[in-house]
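Down below is the structure, laid out as structure tokens.
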Amino acid sequence: MKTDRLRLLPRHLRILERLLGEHLPDVEVWAYGSRVNGRGHDGSDLDLVLRGPELKEIPIERLADFEEAVRESTIPFLVEARDWARLPERFQEEIEREHVAQVSSG
């Protein structure tokens, strides 16, 4: 995957991958938004959509634990993580058109 397109420093990508592996190891991760479409910069939010097994909802506690771990990490920008199963179909279609699949190697 072309993570350089996301404008992530390798150390921030490693932290993100570790946190995803710890909290959401069975989840497929897509990045979308300004870091993907070329309108972002180094300080832009990183928008992630989390696609659980069989595209079923991810338990809220797992999402909350991941989000808290990201906030407590040294990643210096906001990471917005959304559960695919909880998004409206119209938003899913928009993300499908322009995303980078599998941010985590986990």
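Any value given below was found using the heavy atoms of this structure, including those in side chains, with hydrogens, waters and symmetry copies removed. Sequence positions, counted from 1, serve as the residue numbers for this chain.
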Could you walk me through whether Trp30 and Val100 pass the side chain to side chain contact (heavy atoms under 4.5 Å, CB included) test, one step at a time? CA-CA 6 Å; Trp30 289 4; Val100 174; over 6 Å; no

Look at atom CD of Glu89 and say whether more than 12 heavy atoms of other residues, nucleotides or ligands are closer to it than 6.0 Å. no

Side-chain contact test, heavy atoms from C-beta onward, threshold under 4.5 Å: evaluate it for [X] versus [Y] and give yes or no.
X: Pro76; Y: His12; value: yes
X: Leu19; Y: Ser73; value: yes
X: Leu78; Y: Leu46; value: no
X: Arg86; Y: Leu63; value: yes
X: Ile75; Y: Arg11; value: no
X: Phe66; Y: Leu20; value: yes
X: Arg51; Y: Asp83; value: no
X: Leu16; Y: Leu48; value: yes

Kindly compute the distance separating CH2 (Trp84) from CG (Leu50), expressed to the nearest 0.5 Å. 11.5 Å

To the nearest 0.5 Å, what is the distance between CD (Glu80) and CD (Glu67)? 8.0 Å

Looking only at heavy atoms, which two atoms of [X] and [Y] are closest? And how far apart?
X: Asp47; Y: Gly33; answer: OD2-CA, 3.9 Å
X: Ala31; Y: Leu6; answer: CB-CD2, 3.7 Å
X: Phe77; Y: Ser44; answer: CB-O, 3.7 Å

Run the side chain to side chain contact (heavy atoms under 4.5 Å, CB included) test on Val27 and Arg62 for me, step by step, so that the C-alpha distance in whole Å, both residues' side-chain angles and the decisive distance to 0.1 Å come before the verdict. CA-CA 11 Å; Val27 170; Arg62 288 181 62 203; 4.2 Å; yes

Assess the side chains of Arg82 and Tyr32: does a donor N or O sit below 3.5 Å from an acceptor N or O? yes

Taking a hydrophobic cluster as the set of Ile, Leu, Val, Met, Phe, Trp and Tyr residues connected by side-chain heavy atoms closer than 4.5 Å, whether directly or through intermediates, do Val49 and Leu55 fall within one such cluster? yes

Short N-O contact, Glu22 and Arg18, less than 4.0 angstrom: yes

